[in-house]
Structure formats: C-alpha cells, structure tokens
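Chain A is the first sequence line, chain B the second, and so forth, proteins listed ahead of strands; every chain is numbered from 1. Reckoned from all heavy atoms, side chains included, excluding hydrogens, waters and symmetry mates.
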Amino acid sequence: MIEVSQLVKVFPGPTPVRAVDGVSFEVHAGEVVGLLGVNGAGKTTTLRMLVTLLQPDSGTARINGHDIRSSPDQVRGSLGFLSVTTGLYERLTAREMLVSFGYLQGVDDPRGRAEALIERFDITDFADQRCGRLSTGMKQKVSIARSLVHDPPVLILDEPTVGLDVLVSQSFLQFVESARDDGRAIIYSTHMMSEVERLCDRVCIIHEGKIQGDTTVEAMMTQHGSVERAFLAAVGP
Amino acid sequence: MTELLRALRHELVVQRNNPWGLVLFLAMAIAAGPVTLRAMDAWVSVATDVVETSTEGVDLPISADPEVAAWIRSGDGLKVVDGPVTRDDTPEGTESFAHASVDGQVVTLRRPLQVARATVVQDRFEDVVDRVSMERRDRELERVGVEASDFEIEVTAVERDAASRDADRAGRALPGVVVLLLLSVSMYLAFDVLTKEKEQGTAETLLVTRVPRRTLLGAKFLLTWGGTVAVGWVWAASLYLSQLLGLLELEPLFGDSHVFSLGNSLGLGVLVLVLAAQVAPAAVLVAAWSPNYRAASVASLPLMLVVLAPSGVATLPTVELTPLLGALPIANVSLATRMWLTGELGLPMAAWVVGVTALQGGLALGVAAWMMERMDPLDKGLDAESRRAVGNFAPDAFALFAVTVVAFWFLGILSQATALVPGLIFTQICILAGMAGVGLWFVGAPMRRTMSLYLPSTRSVVLGVVVGLTMQGAGQLAVWLASPVVPWRAETTEGLASLVDEPLWLMLFAGALLPGVCEELLVRGALMGLLRTRVGAVLAVAITSVMFGLLHIDLARIVATGAMGVVLGVLLIRSGSIVPCMVAHFVNNAVALTGSKYVAEEAAGSDVTPLEVAVVLGICALCVGALAAVRPATVSSGSGD
C-alpha cells in the first residue's frame with residue numbers, strides 16, 4: 001500500500017541539512033506502522049514528502065500504486081493526512097467543513113458522507129458551531145473526520161494525539177484500531193511509546209534522517225522488554 | 001474544470017461565513033459613487049467661460065509719440081489720438097467679462113468700462129510691442145543668415161465642444177477613486193484567501209486534498225477578481241443612481257453634459273472588469289509571495305504606490321493614450337476611460353488595452369502559480385522574535401519610507417496648505433516622528449537601540465552645534481555647485497517664507513526644534529537604524545541621505561539636504577547617539593530661519609563669490625576633521641551592545 005524507497009531531502013543553507021537521507025520502508029493494508037524518532041530526526045519531513053507537501057530531492061514512494069512524483073494528485077486523493085499543522089477554518093462550522101472538503105475531494109455525496117462522519121465521531125452536538133469556537137478535543141474529532149471524508153485507503157498521522165486529554169486520546173486510539181481493521185494502511189508518527197505498544201504492528205526508528213531499525217513490536221518486546229528501551233538502544237549514545 | 005468549480009465553491013463557502021469584510025467594501029463602493037461625482041464635479045467646475053465683452057471689435061484710443069504711433073496698424077484694435085486720453089473717451093458703466101464657479105455657484109464677473117478699456121488697451125499695446133520686436137528679431141536673423149522659420153514651433157490643438165471637454169475633465173478624476181477602491185478590495189480578498197490560510201494552518205489542510213495547487217490558486221484568483229468586480233459594479237451603479245436621483249447639486253456645466261448617461265455607466269462596468277483583471281492578479285501575486293500577514297502588509301504599501309502612481313498619469317492634461325502607454329497597466333485603463341468618455345476610443349486601442357491586460361494578468365498569475373507550487377505551508381517566515389535575532393530589518397526601512405512619503409506628501413502638504421504653522425507641527429509630530437515610532441513598534445525592532453536613543457558625550461553635543469553652524473554654508477555651497485545642472489530657484493525657499501513672519505519663538509519651535517527632533521527620529525533614527533541591521537554604515541548613510549533628500553521634495557533642495565544627510569549620518573555613527581544630530585539639525589534650521597528673518601532679503605540666493613566658496617570649503621574641511629576626531633560610539637548607558 002505504501003512503498004517508500006530511498007527518499008532524500010536536503011534543506012539548503014550555509015550548512016545544508018540532510019533531513020531525510022535514504023529512507024525506505026513499506027506499510028501493507030491493515031497494518032499500523034509506528035514512526036519513532038527524536039525531534040528533528042526527519043519524521044515530519046518524510047511524512048510531508050509522502051503527502052506531496054514537499055518535493056523529495058531523490059528517491060520516491062508509491063501510495064496505493066501512485067507515484068508521489070509523477071501523479072501527486074492521485075496520491076493525495078488516496079490518503080488522509082492529519083498533523084498538528086493541518087488547521088480548520090475558524091469561520092466554517094464542523095458540518096460545512098466536512099461538506100466542503102467532501103466536494104474538494106470529489107466525494108459522490110458530500111452531504112451524506114458528512115452526516116455519516118458526524119454520527120461516527122460524535123460531532124452531532126457541535127456540528128453547527130464554528131470551528132474557531134471548538135475545544136482542542138472537538139477540533140481533533142473534526143480533523144479526523146476531515147481526513148477520512150474521501151474514505152482513503154491510506155492514513156498518515158503525524159503526532160495526532162499531541163495536546164489531547166486522556167479521554168480524547170483513548171477514543172482516538174480506538175478510531176485508529178478500527179481504521180486498521182477496515183483494511184487501511186496507516187503510518188503513525190509519535191513520541192508516546194505506550195501508543196506504539198498498543199497500536200502498532202511494526203516500528204520504524206528514524207534517526208538523523210536514516211532508518212535505524214524496522215522490526216515488529218513483538219520482536220522489540222521480547223528483545224528489550226519495552227519499545228522505549230528498544231528505541232533508546234537504537235538511537236542512544 | 002469540475003475541480004476548479006469545486007475549489008471555487010469552497011472559497012465562496014469560506015467567504016460566505018465572513019460577510020462583514022465584503023459588506024464593508026460594498027458600503028464603501030456605494031459611498032464612492034457620489035464621492036466620484038463630486039471629485040469630477042470639482043475638476044469640471046475649474047472652468048471659467050469668457051464672455052464676449054463690449055470692447056470686442058472696437059478701436060480704443062491711445063496717445064503715443066509719433067515713433068511709437070508708427071508701429072500701430074489697422075488690425076491692432078487701437079487708434080492713435082492727439083493729446084492725452086481722457087475719462088470722456090470712455091462712457092460710464094460696467095461690462096461682464098467672465099463666468100466662473102465659486103463654491104459651486106456660477107457667478108458673473110463684472111468690471112467698470114473704464115477699467116476694462118484701460119486693461120484692454122494695455123494688452124493690445126503689448127501685442128503691438130511683441131510684434132514689432134519679433135519683426136526686428138527676424139530682420140536681424142536674416143542679416144546673419146538664419147531663417148526665421150527655424151524658430152517656428154508646431155502646435156496641434158484638440159478642438160473640443162463643451163460636453164466633450166467636460167467628459168475629458170471628468171475622465172481625469174475618475175480613475176483615482178476607483179483604482180483605490182478596487183485595489184483595496186483585491187488586497188483584502190487575496191490576503192484573506194492566501195495569506196490568512198498560511199497564517200492559520202488551513203493552507204496545509206487544503207493542499208493535501210486531491211485538487212492541484214494551480215487549480216486552488218485559480219479558484220482563489222477567481223474569487224478575488226469576482227469580488228473586486230462586484231464591488232466595482234456597485235460603485236458604477238451608485239455613481240449612475242446618485243446622478244439620476246440628484247443626490248448632489250452638480251454644476252450646470254457638468255449636469256448638462258450628461259457625462260454619465262446609462263450607456264456610459266454601463267461602460268464603466270466594462271472598465272471595472274478590465275481594471276479588476278489588473279489589480280486582482282497583482283494582489284494575488286503579493287499574497288502568494290507573503291508567508292504571513294506581516295510580510296503581506298509590508299509588501300502591500302509599495303504595491304499601492306506602484307498601482308496608484310499610473311492612475312495619476314491620466315490626470316495630466318498633455319498625456320494621451322499611445323500604444324506604448326497602452327502597455328502600462330492602470331494608466332492604460334485610466335486613459336482609455338477618458339478617451340471613451342469623450343468618444344475618442346477606437347476599437348483597435350480598446351482591444352490592445354484588453355489584450356495587454358490579459359497578458360499581464362496571465363503573467364502575474366503564472367508567477368503566483370509557480371510560487372504556489374513551491375510554497376511550503378509550514379514556512380511562515382520569521383516571527384518578530386527570530387527576526388530580532390537574525391536582525392534583517394532593511395526591507396522594513398524601505399516600506400516605512402514609502403508609507404511616510406505617502407503620508408507626508410498627501411496629509412502633510414495638505415495640512416500645511418490649510419494652515420502653515422499647525423500643519424507643520426502636525427506633520428512633524430504625527431507623520432514623521434509618529435511614523436518612526438509606530439513603524440518600529442510594528443516591525444518589532446528594539447526602539448532604543450535602533451534609534452540610538454543614548455545620552456551623548458558633551459564633546460559630541462558641542463560638535464553637533466559646530467556642524468549645525470557650518471552645514472548651512474555647506475548646503476548653500478552644494479546648491480551653488482549643482483547650479484549648472486539643477487538651476488537654483490528662488491522660490492524653493494519661499495515655502496517657509498511665511499514662517500519668518502511668525503514670532504521668533506514660534507518660528508524656532510515649528511521650523512527648527514520640531515524638524516530637528518522629529519526628522520532625525522525618522523531618518524537617522526528609524527530608517528538608518530533599520531537599514532544598519534543589514535547593510536554597512538556607508539551604504540546606510542548613503543541610502544538615508546537620498547531618502548532625506550527625497551522627503552524634501554524639491555530637486556534643488558535634494559542636493560543640499562542629501563549632503564546634509566551625509567554629514568548627519570556620519571555624525572550619528574561617530575557619536576553613537578542621535579542627540580548630536582538633533583542638535584546639529586536644530587542649529588542649522590535656526591540659523592537659516594533667523595538669518596532670513598533679520599538679515600536683508602536680497603542677500604539670499606545672490607551669486608556666491610569665489611572667496612565665499614573658499615571660506616565655506618574651509619569650514620567644511622574643519623567640520624569633517626572635527627568629525628574624524630571624535631571617537632566612535634562609546635555607549636555610556638547600560639544597554640550592553
């Protein structure tokens with residue numbers, strides 16, 4: 001579903017930074033792959049290349065069979081992207097937001113799809129409030145619904161639980177599990193080891209722009225006792 | 001195509017939920033209708049119609065010596081009489097000689113017949129003298145072998161009837177108002193749909209949908225253009241209706257000519273379409289380039305200047321629409337509007353203007369799309385904190401200068417024309433010093449360090465006084481040196497002439513103390529301080545000197561004030577404080593004003609002798625030497641830099 005091969009991104013400057021340096025991994029349908037790394041390791045840059053917000057300097061990736069370089073529009077059409085930087089229109093109500101993005105994504109029945117998502121994610125109570133007035137948790141629900149409006153086979157989630165309280169995080173994790181069970185391929189980037197242990201089938205550890213480890217969570221647990229220790233072993237000094 | 005429509009639908013939904021901005025602009029458009037009429041009315045009513053007078057075609061008596069009497073011929077309207085001309089030669093009574101409009105009223109000007117005749121005789125006799133001297137010139141030229149025809153100047157006059165003349169004048173006033181209105185709407189919408197999205201993170205949400213970036217940009221352009229056109233059409237309707245309903249009492253001269261018939265008002269709708277196709281791509285381009293609101297607002301001011309300046313071209317009476325001017329945006333539409341109102345606009349020229357507009361708009365959109373393709377929505381530019389660390393405020397200096405110039409030229413000069421002394425005080429405090437303070441606050445530059453607001457050493461204050469005393473002489477020298485290139489004009493000093501009539505304290509306050517403090521705060525303080533974050537001292541002094549010269553408007557004074565700017569800039573760098581510059585500027589102005597007040601006037605502007613030049617040069621050399629002797633900035637206050 002997701003095949004990443006030898007992605008490279010260099011940020012120019014007085015001292016050019018190789019933010020992503022030959023990253024390759026795969027994610028299959030019905031699988032959650034955790035992307036772990038310290039701040040600045042290259043996680044976000046990798047994901048932003050996958051969703052075609054950034055152009056890779058070399059290497060490429062295929063999402064649902066579409067190449068991120070040659071057919072970026074189809075790539076975006078088949079993935080849902082959620083990060084701390086994907087904002088909501090403050091002026092639009094939750095419902096308008098979903099309907100409008102349904103239209104933009106070319107959904108057949110945007111209104112019907114929006115209603116279904118509103119029900120699915122418990123948005124009904126605040127569906128007609130402007131997004132600017134919603135709490136962080138409410139906004140996150142709307143954002144999740146927004147990323148799923150076109151029913152994408154691939155989900156790319158970049159630190160999606162940052163700033164959420166325990167209850168909202170729990171329901172979010174349940175959503176990821178159900179999305180996995182629907183057969184979607186999911187990349188889950190996070191700093192929360194407990195979330196990785198609960199959700200992920202495999203973990204890619206990225207450090208200084210390179211993949212330092214690509215193993216199953218089970219293997220990590222048996223070898224190191226916890227994902228956290230496995231992570232520290234991979235990136236530690 | 002369907003994707004474009006879907007993207008456009010999205011933009012409309014977002015705008016629908018924030019109608020107040022557009023409502024405000026629609027209200028402005030409604031108000032701008034009568035305002036435009038009033039502006040055109042003011043242009044039209046400058047007209048003064050000459051009435052046929054009773055002296056027309058009558059030979060008037062003149063007494064002259066025989067030699068002079070021989071100059072007068074039969075067609076000159078004069079008859080030579082023996083002895084002096086007496087009162088009895090002209091009957092009692094008055095004649096009307098002109099219609100003029102005064103405060104919106106058409107008045108007839110009348111004068112006593114005796115005055116009329118005396119004036120007319122004088123005019124006619126001057127014509128005779130002119131003719132005689134021209135004949136003598138031609139004879140002399142012929143004697144030395146120069147053809148008189150070499151001196152002939154070709155003159156072409158455009159014959160206009162009253163209605164066409166009014167249309168011509170109305171066409172000059174029209175573009176300024178509508179360009180300003182349309183540009184404001186375009187910038188508001190473009191910044192809302194592009195810059196705001198980057199600012200609020202919705203750009204990223206939008207860019208990860210399947211719609212290609214260029215399609216998103218196309219939708220954003222269509223919204224900007226459509227909104228601008230809508231506001232423009234409301235303006236045209238308001239213009240037509242307020243004339244139809246007689247909301248304003250317009251001049252009979254103007255009211256009779258029906259410049260804005262229904263047909264012409266519909267034509268204004270076409271004008272709006274073309275004009276919007278010029279301003280909207282420009283606004284979209286700037287918005288696509290700006291990573292955040294701050295950058296957008298910095299860029300919007302030069303944009304306004306660039307867009308408004310060509311509309312001024314159309315107000316000049318000698319400028320006509322040529323194919324070359326037809327390629328200059330804004331100016332071409334302004335001029336075409338004028339020609340169209342007078343019925344002179346041909347189809348080829350109209351097609352050329354529209355074609356050029358489409359080409360330029362397409363080009364601007366192409367560049368904007370290119371920027372959009374490469375845009376990283378996470379790159380929101382540097383915030384004030386990082387900018388302070390990086391410290392590049394040089395572009396802000398130019399933006400600040402642009403705003404100040406606009407405010408100074410319009411508000412300042414207007415206020416000074418209304419009432420000189422209050423106007424001067426307002427200009428100095430509110431515009432020059434005010435802009436400096438607000439500007440630094442707005443860009444987030446540290447006030448004290450940028451403006452060098454530090455206590456000076458006693459020595460540098462004394463130096464400030466010396467510099468101030470010598471600068472006046474140096475300025476005169478500079479004017480004299482430049483006089484072969486830029487002719488000295490006596491009237492350049494007359495701007496402040498009436499300030500000399502004020503009491504001494506008021507003259508020194510408004511003409512020396514305030515300029516000394518406020519102009520220095522702006523030029524040496526804010527502008528130079530901002531520039532120095534990026535460029536070296538030499539370049540900063542050079543740029544601010546040119547800016548300082550430009551602020552003083554007059555060509556002849558640019559040389560003098562530019563030179564003064566260099567001296568003051570060096571003084572700031574050497575002393576590390578702005579206070580000596582203020583002292584020097586104050587002393588310079590005070591010496592000049594006091595000199596004009598008490599010293600005989602004929603001394604001003606007279607020829608400079610070589611001795612004086614030598615003296616001034618010597619003083620300048622002393623001055624520069626003294627500047628070099630001062631140690632560079634040693635900051636005594638505890639700012640730590």
> What option among G106(A), G87(A), P152(A) has the most heavy-atom pairs under 4.5 Å with chain B?
Replying inline: G87(A)
> Are side-chain heavy atoms of V14(B) and E90(A) found at a separation under 4.5 Å?
Replying inline: no
>> Quick check on the interface: out of L216(B), T215(B), T205(B), L207(B), who has the most heavy-atom pairs with chain A under 4.5 Å?
In response: T205(B)
>> A quick test of your reading: do over 12 heavy atoms of other residues, nucleotides or ligands sit less than 6.0 Å from CD of E119(A)?
In response: no
>> Given 3.5 Å as the limit, does a donor-acceptor pair link the side chain of R210(B) with the main chain of Q74(A), or not?
In response: no
> Do you know which of T202(B), D192(B), V13(B) makes side chain to side chain contact (heavy atoms under 4.5 Å, CB included) with R91(A)?
Replying inline: D192(B)
> chain B heavy atoms under 4.5 Å from Q105(A): which part of the residue, side chain, backbone, both or neither?
Replying inline: both
>> On a heavy-atom basis, which atom in Y103(A) and which in R6(B) lie closest, and how many Å separate them?
In response: O-CD, 3.0 Å
> Does atom CZ of R111(A) have more than 12 heavy-atom neighbours from other groups under 6.0 Å away?
Replying inline: no
>> Given heavy-atom pairs under 4.5 angstrom as the criterion, report whether the side chain, backbone, both or neither of R374(B) touches chain A.
In response: neither
> Out of curiosity, L53(A) CG to M375(B) CE, how far, rounded to the nearest 0.5 Å?
Replying inline: 8.5 Å
>> Could you check whether any side-chain N or O of Q200(B) sits under 3.5 Å from a backbone N or O of Y89(A), counting only pairs where one atom can act as donor and the other as acceptor?
In response: no
>> Can you confirm whether more than 12 heavy atoms, excluding those of R16(B), are under 6.0 Å from its CZ atom?
In response: yes
> So do S83(A) and E204(B) actually touch side chain to side chain, heavy atoms under 4.5 Å?
Replying inline: yes
> For L206(B), is it the side chain, the backbone, both, or neither that has a heavy atom closer than 4.5 Å to a heavy atom of chain A?
Replying inline: both
> Which heavy atom in R9(B) sits nearest to a heavy atom in V99(A), and how many Å separate them?
Replying inline: NH2-CG1, 3.9 Å
> Does a sphere of radius 6.0 Å around CE in M304(B) hold more than 12 heavy atoms from other residues, nucleotides or ligands, not counting ones at 6.0 Å or beyond?
Replying inline: yes
> For L104(A), is it the side chain, the backbone, both, or neither that has a heavy atom closer than 4.5 Å to a heavy atom of chain B?
Replying inline: both
> Under a 4.5 Å heavy-atom cutoff, which of S78(A), S100(A), G80(A) has the most pairs with chain B?
Replying inline: S100(A)
> Any idea which of V84(A), L92(A), L88(A), V51(A) has the most non-hydrogen atom pairs under 4.5 angstrom with chain B?
Replying inline: L92(A)
>> With side-chain contact (heavy atoms from CB on, under 4.5 Å) as the criterion, how do R76(A) and T209(B) come out once you've worked through the C-alpha distance, each side chain's angles and the decisive distance to 0.1 Å?
In response: CA-CA 6 Å; R76(A) 288 195 305 273; T209(B) 64; 5.5 Å; no
> Take atom CG in D109(A); do more than 12 heavy atoms of anything else shown fall under 6.0 Å from it?
Replying inline: yes
